[in-house]
Amino acid sequence: MSLFDLTLPAEKAAEYGAAVLYDEPMSAHTTFKIGGRCDMMIKINCEGLLRELVILCAKQGIPYYIIGRGSNILVSDNGLRGIVLLLCGDFASAHIDGDIIECQAGASLGAICSLALSNSLTGLEFAYGIPGTVGGAVYMNAGAYGGEMKDVLLSCRCIDENGEIRTVPREKMELGYRTSIFSKKNYCVTSVALKLQKGDPAAIKERMDTLMSRRKEKQPLEYPSAGSTFKRPAGDFAARLIEASSLKGLSVGDAQVSEKHSGFIINKGSASFGDVCELIERVKDKVYSDSGIMLECEVLIME
Ligand SMILES: Cc1cc2nc3c(=O)[nH]c(=O)nc-3n(C[C@H](O)[C@H](O)[C@H](O)COP(=O)(O)OP(=O)(O)OC[C@H]3O[C@@H](n4cnc5c(N)ncnc54)[C@H](O)[C@@H]3O)c2cc1C
């Protein structure tokens, strides 16, 4: 039973034919496989519904949370009160116009990388293997292996705090290391235009395969996680500092600093939200006392 009256959002979702789930375990929607139940989850299927829900929630004082693939979040075991707006598979169409790919925010990065490959478009190879949605990747300005979303973005459509739809060109996105105007202002990204270049499909595929092999070799992909737990501190690497503090393998319950890559905290089975939070704090404290560097979390906590 929610503290909030969720009747109107449920009716709105029904009007648009969107799926509504009640008491849904968030552990089923996060790559960490951690998180209690949310009161209500609506699987967004179009921009119009999302806009109406954002406005409705603001008007009725109902908290809401936008999530994509849940690959960069840690959700409390108490779950989430209010509504989770899931921008994923039901909001994932894409099309190509020359060297521009336009897609809805819920499209998976993997699918868009494959679409680029099948149309001989280069520039997005760096993102192959990042297990998020395009909207989540823009919000985070996700990056890897020398590339970042900033390099390929042309423009985005988003919903601002007043429920207005805006088109934001790349120059106005304030893209920095794992940050964007969307994360600073809590705008919801609804669609994204990526500008790529014509390339050689064999070379594109080779680069994608190489980067995927590198991930499999270096990262603990066999365990649930949310990727790199900490941001890269200026002039150093979180994993190097964590190893230098002899924290590799440190565990709290089933949460562990990965033995394969110390920058990842993994869930070895039934890690709780509290286990991961306590491990994060222990790592930060020890690294700070050894090096004077305070690590900052890249993983976003939702509670
Ligand atoms: C094994 C593994 C490897 C990873 N490797 C990398 C890597 O190499 N580089 C990297 O940068 N990241 C990496 N990540 C982290 C993660 O995949 C990225 O940050 C990804 O971009 C998050 O997308 P998501 O859809 O899962 O977002 P979520 O985790 O669902 O959400 C993340 C944040 O974005 C917000 N958000 C999501 N969608 C939208 C939207 N449409 N509009 C507005 N806000 C939105 C959410 O509210 C939340 O605050 C990795 C994660 C894992 C598990």
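This structure is a prediction, so every number in the text was calculated from the model and none was measured. Ligands are counted one by one from 1 in listed order, and the atoms in each one are counted from 1 as well. Worth knowing before you read on, the calculation uses all heavy atoms, side chains too, and leaves out hydrogens, waters and symmetry mates.
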Hey, is [X] close enough to [Y] for a salt bridge, meaning N to O under 4.0 Å?
{"X": "Asp160", "Y": "Arg166", "value": "yes"}
{"X": "Lys12", "Y": "Glu15", "value": "yes"}
{"X": "Glu174", "Y": "Lys185", "value": "no"}

Q) If you count the atoms of ligand 1 from 1 in the order shown, which ones are under 4.0 Å from a heavy atom of Pro131? A)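 Going through ligand 1 atom by atom, the ones under 4.0 Å from Pro131 are 2 (C), 3 (C), 4 (C), 17 (O), 50 (C), 51 (C), 52 (C), 53 (C).
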
Q. With atoms numbered from 1 as shown, which atoms in ligand 1 lie under 4.0 angstrom from a non-hydrogen atom of Gly143?
A.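 With Gly143 as reference, the close atoms of ligand 1 come out as 7 (C), 8 (O), 9 (N), 10 (C), 11 (O).
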
Q | Polar side chain donor-acceptor pair, Glu52 to Tyr16, under 3.5 angstrom | A | yes

Q) Under the salt bridge (charged side-chain N to carboxylate O under 4.0 Å, His left out) criterion, do Arg240 and Glu243 qualify, and how do the steps go? A) CA-CA 5 Å; Arg240 195 201 68 76; Glu243 257 177 69; over 6 Å; no

Q. Is there a salt bridge (charged side-chain N to carboxylate O under 4.0 Å, His left out) between Asp254 and Lys268 once you walk through the steps?
A. CA-CA 5 Å; Asp254 261 352; Lys268 292 203 82 176; over 6 Å; no

Short N/O distance, under 3.5 Å, between [X] and ligand 1?
{"X": "Ile66", "answer": "yes"}
{"X": "Ile67", "answer": "no"}
{"X": "Asn72", "answer": "yes"}
{"X": "Gly135", "answer": "no"}
{"X": "Ile130", "answer": "no"}
{"X": "Gln219", "answer": "no"}
{"X": "Arg215", "answer": "yes"}
{"X": "Gly68", "answer": "yes"}

Q. Name the one of Asn141, Leu175, Leu153 that satisfies side chain to side chain contact (heavy atoms under 4.5 Å, CB included) with Glu148?
A. Asn141

Q.
Checking side chain to side chain contact (heavy atoms under 4.5 Å, CB included) between Asn267 and each of Ser225, Ser272, Pro224, which is the one that passes?
A. Pro224

Under 4.0 Å from ligand 1, counting heavy atoms only, is it the side chain of [X], its backbone, both or neither?
{"X": "Leu300", "answer": "side chain"}
{"X": "Leu87", "answer": "side chain"}
{"X": "Ala137", "answer": "both"}
{"X": "Ser183", "answer": "neither"}

Q. Any heavy atom of Arg178 sitting closer than 4.0 Å to ligand 1?
A. yes

Q. Has Tyr65 got any heavy atom lying under 4.0 angstrom from an atom of ligand 1?
A. no

